[in-house]
2 protein chains.
Amino acid sequence: MIDPHSGVPRHRQLADELRARVEAGDYAPGALLPSETRLSQECGVGRGTVRRAIGILRSEGLVDVASGRGTRVREAGAPELVKVPRGARVRSRMPTPQERAELDMPEGVPLLLVLYGGKTKRYAADRTELSHS
Amino acid sequence: MIDPHSGVPRHRQLADELRARVEAGDYAPGALLPSETRLSQECGVGRGTVRRAIGILRSEGLVDVASGRGTRVREAGAPELVKVPRGARVRSRMPTPQERAELDMPEGVPLLLVLYGGKTKRYAADRTELSHS
DNA sequence: AAATATTTGTCCGTATGTATC
DNA sequence: CGATACATACGGACAAATATT
(Lines give C-alpha, C1' and ligand atoms only; values in the text may rest on other atoms or scores of the structure.)
Protein backbone atom coordinates (compact mmCIF):
# COMPACT_ATOMS: atom_id res chain seq x y z
CA MET A 1 0.00 0.00 0.00
CA ILE A 2 0.90 3.68 -0.01
CA ASP A 3 2.77 5.06 2.95
CA PRO A 4 2.56 8.87 3.07
CA HIS A 5 5.52 9.09 5.46
CA SER A 6 8.00 6.89 3.63
CA GLY A 7 9.72 9.80 1.97
CA VAL A 8 8.95 8.37 -1.44
CA PRO A 9 6.34 10.50 -3.22
CA ARG A 10 2.93 8.85 -3.34
CA HIS A 11 2.58 8.97 -7.10
CA ARG A 12 5.87 7.10 -7.37
CA GLN A 13 4.82 4.51 -4.85
CA LEU A 14 1.61 4.00 -6.77
CA ALA A 15 3.44 3.81 -10.10
CA ASP A 16 5.79 1.21 -8.65
CA GLU A 17 2.86 -0.74 -7.28
CA LEU A 18 1.00 -0.73 -10.60
CA ARG A 19 4.14 -1.54 -12.57
CA ALA A 20 4.78 -4.51 -10.30
CA ARG A 21 1.22 -5.73 -10.83
CA VAL A 22 1.59 -5.46 -14.58
CA GLU A 23 4.92 -7.26 -14.60
CA ALA A 24 3.53 -9.94 -12.32
CA GLY A 25 0.77 -10.53 -14.85
CA ASP A 26 -1.78 -9.31 -12.33
CA TYR A 27 -3.06 -7.09 -15.12
CA ALA A 28 -2.53 -8.99 -18.35
CA PRO A 29 -1.61 -7.32 -21.65
CA GLY A 30 -4.74 -5.76 -23.11
CA ALA A 31 -6.52 -5.74 -19.77
CA LEU A 32 -8.08 -2.64 -18.25
CA LEU A 33 -6.67 -1.12 -15.10
CA PRO A 34 -9.11 0.15 -12.48
CA SER A 35 -10.44 3.61 -13.20
CA GLU A 36 -8.66 6.65 -11.80
CA THR A 37 -11.47 7.35 -9.35
CA ARG A 38 -11.38 3.75 -8.14
CA LEU A 39 -7.66 3.73 -7.63
CA SER A 40 -7.96 7.09 -5.92
CA GLN A 41 -10.47 5.71 -3.41
CA GLU A 42 -8.83 2.34 -2.87
CA CYS A 43 -5.36 3.78 -2.38
CA GLY A 44 -6.43 6.77 -0.35
CA VAL A 45 -4.82 9.36 -2.60
CA GLY A 46 -6.15 12.20 -4.73
CA ARG A 47 -7.04 11.61 -8.35
CA GLY A 48 -4.27 13.91 -9.48
CA THR A 49 -1.80 11.64 -7.76
CA VAL A 50 -3.26 8.63 -9.57
CA ARG A 51 -3.00 10.46 -12.89
CA ARG A 52 0.62 11.27 -12.24
CA ALA A 53 1.36 7.64 -11.44
CA ILE A 54 -0.33 6.48 -14.62
CA GLY A 55 1.48 9.23 -16.51
CA ILE A 56 4.76 7.64 -15.45
CA LEU A 57 3.70 4.23 -16.77
CA ARG A 58 2.61 5.93 -19.98
CA SER A 59 5.94 7.59 -20.51
CA GLU A 60 7.54 4.20 -19.94
CA GLY A 61 5.47 2.73 -22.74
CA LEU A 62 3.80 0.29 -20.40
CA VAL A 63 0.16 1.31 -20.75
CA ASP A 64 -2.15 3.06 -23.18
CA VAL A 65 -4.70 5.54 -21.93
CA ALA A 66 -7.82 6.36 -23.93
CA SER A 67 -10.26 9.09 -23.02
CA GLY A 68 -13.60 7.70 -21.91
CA ARG A 69 -12.40 4.11 -22.12
CA GLY A 70 -9.71 3.65 -19.55
CA THR A 71 -6.15 2.49 -19.17
CA ARG A 72 -4.95 -0.70 -20.81
CA VAL A 73 -1.74 -2.66 -20.52
CA ARG A 74 0.00 -2.33 -23.83
CA GLU A 75 0.40 -5.50 -25.87
CA ALA A 76 3.80 -6.12 -27.39
CA GLY A 77 3.59 -6.89 -31.07
CA ALA A 78 6.27 -8.87 -32.85
CA PRO A 79 8.82 -6.43 -34.19
CA GLU A 80 9.65 -6.06 -37.84
CA LEU A 81 13.25 -6.85 -38.68
CA VAL A 82 15.15 -4.12 -40.47
CA LYS A 83 18.56 -4.71 -41.93
CA VAL A 84 21.19 -2.08 -41.38
CA PRO A 85 24.02 -1.55 -43.83
CA ARG A 86 27.61 -1.93 -42.70
CA GLY A 87 29.14 1.25 -41.47
CA ALA A 88 25.83 2.74 -40.47
CA ARG A 89 25.43 4.34 -37.08
CA VAL A 90 22.53 3.80 -34.75
CA ARG A 91 21.17 6.20 -32.18
CA SER A 92 18.01 6.53 -30.17
CA ARG A 93 15.98 9.34 -28.65
CA MET A 94 12.42 10.27 -27.88
CA PRO A 95 10.46 11.50 -30.90
CA THR A 96 9.15 15.00 -31.38
CA PRO A 97 5.35 15.25 -31.50
CA GLN A 98 5.61 15.69 -35.24
CA GLU A 99 7.60 12.49 -35.63
CA ARG A 100 5.17 10.73 -33.35
CA ALA A 101 2.31 11.73 -35.61
CA GLU A 102 4.12 10.88 -38.84
CA LEU A 103 5.08 7.41 -37.69
CA ASP A 104 1.82 6.92 -35.79
CA MET A 105 3.63 6.11 -32.58
CA PRO A 106 2.05 5.81 -29.14
CA GLU A 107 3.49 7.67 -26.18
CA GLY A 108 6.48 6.34 -24.32
CA VAL A 109 8.05 4.75 -27.37
CA PRO A 110 11.53 5.83 -28.48
CA LEU A 111 12.83 6.34 -31.97
CA LEU A 112 15.56 4.26 -33.56
CA LEU A 113 17.72 6.38 -35.86
CA VAL A 114 19.86 4.79 -38.52
CA LEU A 115 22.43 7.19 -39.94
CA TYR A 116 24.01 6.20 -43.19
CA GLY A 117 25.43 8.17 -46.07
CA GLY A 118 24.33 11.49 -44.65
CA LYS A 119 20.73 10.33 -44.42
CA THR A 120 18.71 9.41 -41.39
CA LYS A 121 16.01 6.78 -41.26
CA ARG A 122 13.56 6.71 -38.38
CA TYR A 123 11.84 3.71 -36.91
CA ALA A 124 9.35 3.27 -34.08
CA ALA A 125 11.22 1.19 -31.52
CA ASP A 126 8.19 -0.81 -30.45
CA ARG A 127 7.77 -2.23 -33.93
CA THR A 128 11.34 -2.50 -35.07
CA GLU A 129 14.42 -4.55 -34.44
CA LEU A 130 17.65 -3.81 -36.22
CA SER A 131 20.06 -6.43 -37.46
CA HIS A 132 23.39 -6.20 -39.24
CA SER A 133 24.28 -9.04 -41.45
CA MET B 1 1.03 33.20 -27.40
CA ILE B 2 -1.50 30.96 -25.72
CA ASP B 3 -5.03 30.96 -27.05
CA PRO B 4 -7.47 29.48 -24.53
CA HIS B 5 -10.09 28.95 -27.22
CA SER B 6 -8.01 27.16 -29.83
CA GLY B 7 -9.12 23.74 -28.69
CA VAL B 8 -5.54 22.75 -28.04
CA PRO B 9 -4.92 22.38 -24.29
CA ARG B 10 -2.92 25.24 -22.87
CA HIS B 11 -0.16 23.12 -21.42
CA ARG B 12 0.36 21.62 -24.87
CA GLN B 13 0.42 25.01 -26.52
CA LEU B 14 2.98 26.16 -24.01
CA ALA B 15 5.07 23.01 -24.44
CA ASP B 16 5.04 23.51 -28.21
CA GLU B 17 6.02 27.14 -27.76
CA LEU B 18 8.91 26.34 -25.45
CA ARG B 19 10.07 23.46 -27.60
CA ALA B 20 10.10 25.74 -30.62
CA ARG B 21 12.15 28.31 -28.73
CA VAL B 22 14.65 25.69 -27.69
CA GLU B 23 14.97 24.26 -31.17
CA ALA B 24 15.32 27.74 -32.61
CA GLY B 25 18.24 28.32 -30.27
CA ASP B 26 16.26 30.98 -28.47
CA TYR B 27 17.21 29.16 -25.30
CA ALA B 28 20.66 27.73 -25.89
CA PRO B 29 21.81 24.39 -24.48
CA GLY B 30 22.69 24.89 -20.83
CA ALA B 31 20.63 28.07 -20.60
CA LEU B 32 17.97 28.63 -17.98
CA LEU B 33 14.35 28.86 -18.98
CA PRO B 34 12.24 31.55 -17.28
CA SER B 35 10.95 30.51 -13.88
CA GLU B 36 7.57 28.81 -13.59
CA THR B 37 6.03 31.85 -11.96
CA ARG B 38 7.36 34.09 -14.70
CA LEU B 39 6.05 31.90 -17.47
CA SER B 40 2.80 31.63 -15.59
CA GLN B 41 2.43 35.42 -15.49
CA GLU B 42 3.68 36.15 -18.99
CA CYS B 43 1.57 33.49 -20.62
CA GLY B 44 -1.53 34.06 -18.53
CA VAL B 45 -1.88 30.48 -17.37
CA GLY B 46 -1.78 28.82 -13.99
CA ARG B 47 1.47 27.60 -12.58
CA GLY B 48 0.19 24.03 -12.70
CA THR B 49 -0.24 24.43 -16.42
CA VAL B 50 3.34 25.65 -16.75
CA ARG B 51 4.59 22.69 -14.77
CA ARG B 52 2.68 20.28 -16.97
CA ALA B 53 4.18 21.88 -20.06
CA ILE B 54 7.68 21.59 -18.67
CA GLY B 55 6.91 18.03 -17.62
CA ILE B 56 6.30 17.21 -21.29
CA LEU B 57 9.66 18.62 -22.32
CA ARG B 58 11.26 16.67 -19.52
CA SER B 59 9.81 13.38 -20.68
CA GLU B 60 11.10 14.24 -24.14
CA GLY B 61 14.59 14.57 -22.76
CA LEU B 62 14.80 18.20 -23.80
CA VAL B 63 15.27 19.91 -20.46
CA ASP B 64 16.49 19.18 -16.95
CA VAL B 65 14.71 20.56 -13.93
CA ALA B 66 16.62 21.13 -10.73
CA SER B 67 14.90 22.01 -7.51
CA GLY B 68 15.72 25.49 -6.34
CA ARG B 69 17.76 26.27 -9.44
CA GLY B 70 15.44 26.21 -12.37
CA THR B 71 14.94 24.53 -15.71
CA ARG B 72 17.85 24.16 -18.10
CA VAL B 73 18.07 23.10 -21.71
CA ARG B 74 19.89 19.80 -21.73
CA GLU B 75 23.29 19.83 -23.39
CA ALA B 76 24.04 17.10 -25.87
CA GLY B 77 27.33 15.52 -24.96
CA ALA B 78 29.44 13.83 -27.59
CA PRO B 79 28.29 10.23 -27.73
CA GLU B 80 30.61 7.33 -27.08
CA LEU B 81 30.96 5.03 -30.03
CA VAL B 82 30.21 1.41 -29.32
CA LYS B 83 30.97 -1.29 -31.83
CA VAL B 84 28.33 -3.90 -32.43
CA PRO B 85 29.26 -7.39 -33.58
CA ARG B 86 27.87 -8.76 -36.81
CA GLY B 87 24.62 -10.58 -36.40
CA ALA B 88 23.66 -8.67 -33.30
CA ARG B 89 20.18 -7.21 -32.97
CA VAL B 90 19.38 -3.76 -31.75
CA ARG B 91 16.25 -2.62 -30.01
CA SER B 92 15.18 0.38 -27.99
CA ARG B 93 12.73 1.13 -25.23
CA MET B 94 12.34 3.33 -22.20
CA PRO B 95 14.25 2.13 -19.15
CA THR B 96 12.72 0.89 -15.94
CA PRO B 97 13.45 3.06 -12.91
CA GLN B 98 15.97 0.46 -11.80
CA GLU B 99 17.82 0.61 -15.11
CA ARG B 100 17.72 4.38 -14.98
CA ALA B 101 19.42 4.30 -11.60
CA GLU B 102 21.98 1.68 -12.56
CA LEU B 103 23.06 3.54 -15.68
CA ASP B 104 22.62 6.95 -14.06
CA MET B 105 20.31 8.15 -16.80
CA PRO B 106 18.26 11.35 -16.76
CA GLU B 107 14.57 11.32 -17.53
CA GLY B 108 13.33 11.15 -21.07
CA VAL B 109 16.28 9.17 -22.36
CA PRO B 110 15.72 5.79 -24.02
CA LEU B 111 17.77 2.65 -23.72
CA LEU B 112 19.67 1.06 -26.56
CA LEU B 113 19.64 -2.72 -26.30
CA VAL B 114 22.17 -4.84 -28.11
CA LEU B 115 21.19 -8.50 -28.23
CA TYR B 116 23.93 -10.90 -29.09
CA GLY B 117 24.57 -14.51 -28.19
CA GLY B 118 21.66 -14.68 -25.77
CA LYS B 119 22.98 -11.71 -23.82
CA THR B 120 21.69 -8.17 -23.70
CA LYS B 121 23.81 -5.10 -23.25
CA ARG B 122 22.23 -1.83 -22.24
CA TYR B 123 23.34 1.66 -23.16
CA ALA B 124 22.02 5.11 -22.35
CA ALA B 125 20.97 6.50 -25.73
CA ASP B 126 22.07 10.05 -24.96
CA ARG B 127 25.67 8.94 -24.50
CA THR B 128 25.93 6.18 -27.04
CA GLU B 129 26.09 5.69 -30.75
CA LEU B 130 26.30 2.24 -32.25
CA SER B 131 28.43 1.32 -35.24
CA HIS B 132 29.25 -1.90 -37.05
CA SER B 133 32.44 -2.05 -38.93
C1' DA C 1 -32.17 6.85 -31.13
C1' DA C 2 -31.67 9.11 -26.89
C1' DA C 3 -30.70 9.78 -22.32
C1' DT C 4 -27.54 8.49 -18.63
C1' DA C 5 -23.40 6.89 -16.47
C1' DT C 6 -18.55 6.21 -16.56
C1' DT C 7 -13.94 7.62 -17.49
C1' DT C 8 -10.41 10.45 -18.84
C1' DG C 9 -8.84 15.50 -19.80
C1' DT C 10 -8.21 20.14 -18.36
C1' DC C 11 -7.88 24.03 -15.25
C1' DC C 12 -7.83 26.42 -11.15
C1' DG C 13 -6.73 27.53 -6.39
C1' DT C 14 -4.47 26.44 -2.35
C1' DA C 15 -1.34 24.47 0.97
C1' DT C 16 2.96 22.50 2.65
C1' DG C 17 7.62 20.94 2.13
C1' DT C 18 12.40 21.27 0.52
C1' DA C 19 16.41 23.10 -1.82
C1' DT C 20 18.99 26.98 -3.40
C1' DC C 21 20.50 31.70 -3.52
C1' DC D 1 18.05 34.85 8.07
C1' DG D 2 14.64 35.83 4.19
C1' DA D 3 13.42 35.40 -0.70
C1' DT D 4 12.99 32.59 -4.54
C1' DA D 5 11.98 28.34 -6.94
C1' DC D 6 10.77 23.74 -7.51
C1' DA D 7 8.03 19.28 -5.59
C1' DT D 8 4.15 17.18 -3.93
C1' DA D 9 -0.58 16.84 -2.91
C1' DC D 10 -5.46 17.77 -2.40
C1' DG D 11 -9.96 19.55 -3.76
C1' DG D 12 -13.36 21.17 -6.78
C1' DA D 13 -15.31 22.10 -11.15
C1' DC D 14 -16.28 21.32 -15.91
C1' DA D 15 -15.53 19.47 -20.53
C1' DA D 16 -14.97 15.70 -23.80
C1' DA D 17 -14.97 10.90 -25.17
C1' DT D 18 -16.82 6.62 -24.65
C1' DA D 19 -19.85 3.00 -22.86
C1' DT D 20 -24.23 1.53 -21.24
C1' DT D 21 -29.02 1.27 -20.70
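Just so we're on the same page: letters track the sequence lines, and every chain starts at 1.
Counting only residues at least two apart or in different chains, ring pair (Phe, Tyr, Trp, His ring centres under 6.0 Å) contacts with residues 4-44 of chain A are absent. Under the salt bridge (charged side-chain N to carboxylate O under 4.0 Å, His left out) criterion, the residue pairs touching residues 121-133 of chain B are A/Arg89-B/Glu129, A/Arg91-B/Glu129, B/Glu99-B/Arg122, with sequence neighbours excluded.
Taking atom CG of residue B/Leu14 and atom P of nucleotide C/dC12, one finds them 11 Å apart after rounding to whole Å. Remark: C1' of C/dT7 and CG of A/Leu39 are 12 Å apart, rounded to the nearest angstrom. Spacing between atom CG of A/Asp3 and atom P of D/dT8 amounts to 16 Å, rounded to whole angstrom units. Rounded to an integer number of Å, the gap from A/Glu42 CD to C/dT7 P is 12 Å. For the pair A/Gln13 CD and D/dT8 C1', the interatomic distance rounds to 12 Å; values are reported in whole Å. Straight-line distance from the CG atom of A/Leu33 to the C1' atom of C/dT8: 13 Å, rounded to whole Å. Summarising the geometry, the separation between NE2 on A/His5 and C1' on C/dT16 is reported as 14 Å, rounded to the nearest angstrom. Between A/Arg52 atom CZ and D/dC6 atom C1' there is a gap of 11 Å when expressed in whole angstrom units.
In this structure, A/Met1 shares a hydrophobic cluster with no other residue, the cluster being traced through Ile, Leu, Val, Met, Phe, Trp and Tyr side chains under 4.5 angstrom apart. Taking Ile, Leu, Val, Met, Phe, Trp and Tyr as hydrophobic and joining them when side-chain heavy atoms fall under 4.5 Å apart, one finds B/Leu32 isolated, its cluster having no other members. The hydrophobic cluster around B/Val82 extends to A/Val82, A/Val84, A/Val90, A/Leu112, A/Val114, A/Tyr123, A/Leu130, B/Val84, B/Val90, B/Leu112, B/Val114, B/Tyr123, B/Leu130, counting ILVMFWY residues whose side-chain heavy atoms fall within less than 4.5 Å of a member. Hydrophobic cluster of B/Leu81: no remaining members, since no ILVMFWY side chain lies below 4.5 Å from it.
Applying the salt bridge (charged side-chain N to carboxylate O under 4.0 Å, His left out) test to B/Glu17 and every residue at least two apart in sequence or in another chain returns B/Arg21. Residues satisfying the salt bridge (charged side-chain N to carboxylate O under 4.0 Å, His left out) criterion with A/Arg69, sequence neighbours excluded, are absent altogether. By the side chain to side chain contact (heavy atoms under 4.5 Å, CB included) test, A/Lys83 pairs with A/Ser131, A/Ser133, sequence neighbours left out.
At a threshold of 4.5 Å between non-hydrogen side-chain atoms, the residues A/Gln41 and A/Thr37 count as touching. With a 4.5 Å cut-off on side-chain heavy atoms, A/Val73 and A/Leu33 count as touching.
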Reading nucleotides 10-21 of chain D from the 5' end, what letters show protein touch, with B for base, S for backbone sugar-phosphate only, - for no heavy atom under 4.0 Å? S--B---BSS--

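Residues A/His11 and B/Pro34 both approach DNA chain D. Their nearest nucleotides, taken by heavy-atom distance, put B/Pro34 toward the 5′ side.
A salt bridge links A/Arg74 and A/Asp64; the closest N-O separation between the charged side-chain nitrogens and carboxylate oxygens is under 4.0 Å.
In the set D/dC6, C/dT10, C/dT7, the nucleotide with an atom closest to the side chain of A/Arg51 is C/dT10. The listed nucleotides are D/dA7, C/dT8, C/dC11; the one nearest the side chain of B/Pro9 is C/dC11.
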Which nucleotides of DNA chain D pair, in dot-bracket form (Watson-Crick or G-U under 3.5 Å, | meaning another strand): .||||||||||||||||||||

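In this structure, A/Thr71 reaches the C/dT8 phosphate: one of its side-chain N or O atoms is under 4.0 Å from OP1 or OP2.
At a non-hydrogen distance threshold of 4.0 Å, A/Arg58, A/Val65 from residues 56-65 of chain A come into contact with DNA chain C.
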